[in-house]
Colleague: 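Let me begin by handing over the structure; questions about it come next.
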2 protein chains.
Amino acid sequence: MTRTPLADVACSIARATDLFGDAWTALIMRDVLTGVTRFDDLAHDLGISRKVLAARLSRLVEEGVLVRERYQERPPREHYRATPKGEELYPVLLALMEWGDRWYAGPAGPPARIRHLGCGLDTTPVSACAHCGEPLTVGNTTQLPGPGGRTGPGTRVLGPLLAAREDTPETGRPATV
Amino acid sequence: MTRTPLADVACSIARATDLFGDAWTALIMRDVLTGVTRFDDLAHDLGISRKVLAARLSRLVEEGVLVRERYQERPPREHYRATPKGEELYPVLLALMEWGDRWYAGPAGPPARIRHLGCGLDTTPVSACAHCGEPLTVGNTTQLPGPGGRTGPGTRVLGPLLAAREDTPETGRPATV
DNA sequence: ATTCTTAAGTTCCCTCAGGGAACTCGGCTA
DNA sequence: TAGCCGAGTTCCCTGAGGGAACTTAAGAAT
């Protein structure tokens, strides 16, 4: 898996994917955020190889997503907890879960519900505009180069087609978006 | 990578991750949704091995996330477009991007901006409750078993700790959530 | 009419990451 | 003092991914 190259790309999705784009990391974060925080519990719950689990956990600690903490002194035992950076991955998990629910839930319905304690209802998470609160979709958003974007050959930022709309009209190819 | 086992697990995150938990798939979807839809363009833009790109694309088509379509007749040329199922992965990408922006953007700022055409402003996507519109966080939500959840030994659904809160009080271990 | 080029993949070889299971090591506990 | 967690390491083996060359089909160039 090409790790380092991806992290260098000037795209936040690529940077996030470099860490999170791995079959296990999302599930580890799901577990840790829902209270499965010990090595053995994670290994059993996920069915992951202990070797790979150890590697993932130390990478996540290195990245500041998890912290390894002692939770009891005698005998000394450590577990893993999410940092704020780790907790902020929750929206990613919610989005993945929502998508999985919509497209893979059987006739019985989704395997889990998310209850919003604020309003007390079982909720479905939507990706909303921070300003007006409307749902964001492929159709009602456009991607523009940001301040931190590098320009130059081969360094796409995000959405050259849509960025191009700002200055010159596109070619004849159908616009997906 | 253990593919099939994960898809069987009664957890929508696991199901979604089985397809999406791969360093390349997220980036392919980003590209396709932003207008990079042809094989060679994808290969060059991503720097992905052509072999792996072919494998990913055919998997995505198989799953109904993309469709392979002829976009010109002479000479016959095909490209890939997102289906509704594919477009609905957009919130996942937004969440990944937002997280990457927050934690990996340099001093110059994020590499890209998302403009919401509805309100005309550059936006930051938030994961909100569909009922009340409030942001969903680890702290203000709880996970409960859903109708489609399997019960039995070894089949965690999502959040046994939080689910357990409904009936019996927890052990002495600190609750991460 | 032959050669060039482009698009869209395949094929081949090779390395390295992941799976599985056994081993380690410190520190209780019976 | 033998056993038993919890938390990893180590070992071997297979298979997925990288890289680069090859293929096929259909214009376009000369």
Side-chain angles (χ1 to χ4, degrees), chain A residues 1-9 14 17-19 21-28 31-32 36-62 66-81 171-174, chain B residues 1-9 14 17-19 21-28 31-32 36-62 66-81 171-174:
Chain A
M1 213 168 295
T2 318
R3 292 231 162 270
T4 25
L6 278 183
D8 291 340
V9 173
T17 306
D18 179 57
L19 176 70
D22 153 23
W24 291 120
T25 304
L27 296 172
I28 291 173
D31 271 19
V32 170
V36 182
T37 61
R38 295 183 311 171
F39 190 92
D40 271 33
D41 289 350
L42 286 165
H44 289 133
D45 187 61
L46 297 171
I48 187 177
S49 141
R50 307 173 71 77
K51 179 179 65 167
V52 176
L53 177 58
R56 289 292 167 281
L57 288 173
S58 67
R59 173 101 203 276
L60 289 167
V61 168
E62 212 173 88
L66 299 180
V67 279
R68 185 166 179 274
E69 284 190 338
R70 180 154 299 188
Y71 68 86
Q72 82 179 20
E73 287 295 336
R74 317 177 55 79
R77 290 288 183 257
E78 329 276 339
H79 71 165
Y80 294 87
R81 287 202 324 115
T171 74
R173 249 189 278 139
Chain B
M1 213 168 295
T2 317
R3 292 228 160 272
T4 24
L6 278 182
D8 292 340
V9 174
T17 305
D18 179 57
L19 176 70
D22 153 23
W24 291 120
T25 305
L27 297 171
I28 291 173
D31 271 18
V32 170
V36 182
T37 61
R38 295 181 311 173
F39 190 92
D40 270 34
D41 290 350
L42 286 165
H44 290 132
D45 187 62
L46 298 172
I48 187 178
S49 140
R50 306 172 70 76
K51 180 180 66 167
V52 176
L53 177 57
R56 289 293 167 280
L57 288 173
S58 68
R59 174 102 203 276
L60 288 167
V61 167
E62 213 173 87
L66 298 180
V67 279
R68 186 166 178 274
E69 289 192 334
R70 180 155 298 188
Y71 68 87
Q72 80 179 24
E73 287 296 335
R74 319 176 54 77
R77 290 285 183 261
E78 330 276 339
H79 69 165
Y80 295 86
R81 287 203 321 115
T171 75
R173 251 188 279 141

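Naming convention: chains lettered A, B, ... in sequence-line order (proteins, then strands); numbering from 1 in each chain.
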Colleague: Considering all heavy atoms of both residues, which atom of B:Tyr71 and which atom of B:Arg38 are nearest to each other, and what is their separation?
Modeller: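 Heavy atoms of B:Tyr71 and B:Arg38 come nearest at OH-CD, 2.9 Å.
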
Colleague: Got a second to check how far A:Leu46's CG is from A:Asp41's CG, nearest 0.5 Å?
Modeller: 10.0 Å

Colleague: What is the distance from CG of B:Leu53 to C1' of D:dG18, rounded to the nearest Å?
Modeller: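 B:Leu53 atom CG is separated from D:dG18 atom C1' by 13 Å.
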
Colleague: What's the shortest heavy-atom distance between A:Arg59 and A:Asp18, and which atoms?
Modeller: NH2-OD2, 3.2 Å

Colleague: Expressed in angstrom and rounded to an integer, what is the separation of B:Arg70 atom CZ from D:dA26 atom C1'?
Modeller: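 For the pair B:Arg70 CZ and D:dA26 C1', the rounded distance is 11 Å.
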
Colleague: Does a nitrogen or oxygen in the side chain of A:Trp24 sit under 4.0 Å from OP1 or OP2 of C:dA17?
Modeller: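 So the side chain of A:Trp24 is outside the cut-off, no N or O lying under 4.0 Å from OP1 or OP2 of C:dA17.
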
Colleague: Grab the NE2-P distance between B:His44 and C:dA8 for me, whole Å please.
Modeller: 11 Å

Colleague: Figure out the CG/P separation between A:Asp18 and C:dA17, and round it to whole Å.
Modeller: 13 Å

Colleague: Whole angstrom is fine here: how far is it from CD1 in A:Ile48 over to P in D:dA7?
Modeller: 15 Å

Colleague: What dot-bracket string describes DNA chain C from 5' to 3', counting Watson-Crick and G-U wobble pairs whose defining distances are under 3.5 Å, with [ ] for crossing pairs and | for pairs to another strand?
Modeller: ||||||||||||||||||||||||||||||

Colleague: Which atoms form the tightest heavy-atom contact between B:Ile48 and B:Leu42, and what is the distance?
Modeller: CG2-O, 4.3 Å

Colleague: Figure out the CG/P separation between A:Leu46 and D:dG8, and round it to whole Å.
Modeller: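 After rounding, the reported distance stands at 15 Å.
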
Colleague: Do you know the tightest heavy-atom contact between B:Arg56 and B:Ile28?
Modeller: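 Closest heavy-atom pair between B:Arg56 and B:Ile28: CB-CD1, 3.5 Å.
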
Colleague: Can you list the steps and then say if B:Arg77 with B:Asp40 is a salt bridge (Lys or Arg N to Asp or Glu O under 4.0 Å)?
Modeller: CA-CA 11 Å; B:Arg77 290 285 183 261; B:Asp40 270 34; over 6 Å; no

Colleague: Quick test: give all pairs of protein nitrogen or oxygen and nucleotides 9-14 of chain C nitrogen or oxygen below 3.5 Å, distance rounded to 0.1 Å.
Modeller:
{"unit_1": "C:dG9", "atom_1": "OP1", "unit_2": "B:Arg68", "atom_2": "NE", "d": "2.9"}
{"unit_1": "C:dG9", "atom_1": "OP1", "unit_2": "B:Arg68", "atom_2": "NH2", "d": "2.6"}
{"unit_1": "C:dG9", "atom_1": "OP2", "unit_2": "B:Tyr80", "atom_2": "OH", "d": "2.9"}
{"unit_1": "C:dG9", "atom_1": "N7", "unit_2": "B:Arg50", "atom_2": "NE", "d": "3.1"}
{"unit_1": "C:dG9", "atom_1": "N7", "unit_2": "B:Arg50", "atom_2": "NH2", "d": "2.8"}
{"unit_1": "C:dG9", "atom_1": "O6", "unit_2": "B:Arg50", "atom_2": "NE", "d": "3.4"}

Colleague: Could you give the CD-to-C1' distance, from A:Glu69 to D:dG6, as a whole number of Å?
Modeller: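 Rounding to the nearest Å, CD of A:Glu69 and C1' of D:dG6 are 17 Å apart.
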
Colleague: Should A:Arg50 and A:Phe39 count as side-chain neighbours, where that means a heavy-atom distance under 4.5 Å?
Modeller: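 Counting from C-beta outward, A:Arg50 and A:Phe39 do come under 4.5 Å.
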
Colleague: Within this structure, what is the CG-to-C1' distance between A:Asp22 and C:dG19, rounded to whole angstrom?
Modeller: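 Roughly 14 Å, once rounded to whole Å.
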
Colleague: Between B:Leu66 and B:Tyr80, which heavy-atom pair has the shortest distance, and what is it?
Modeller: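 Answer, listing the atom of B:Leu66 first, then B:Tyr80: CD1-CB, 4.2 Å.
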
Colleague: Please encode protein proximity along nucleotides 25-30 of chain C as a string of B, S and -, counting only heavy-atom distances under 4.0 Å.
Modeller: -BSS--

Colleague: For B:Arg70, does the CZ atom have more than 12 heavy-atom neighbours from other residues, nucleotides or ligands under 6.0 Å away?
Modeller: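 Buried by this count: over 12 neighbours within 6.0 Å.
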
Colleague: Is there a side-chain contact between B:Val32 and B:Leu60 (heavy atoms, below 4.5 Å)?
Modeller: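 Side chain of B:Val32 against side chain of B:Leu60, heavy atoms only: no contact under 4.5 Å found.
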
Colleague: So A:Thr17 and B:Thr25, do their side chains get closer than 4.5 Å, heavy atoms only?
Modeller: no

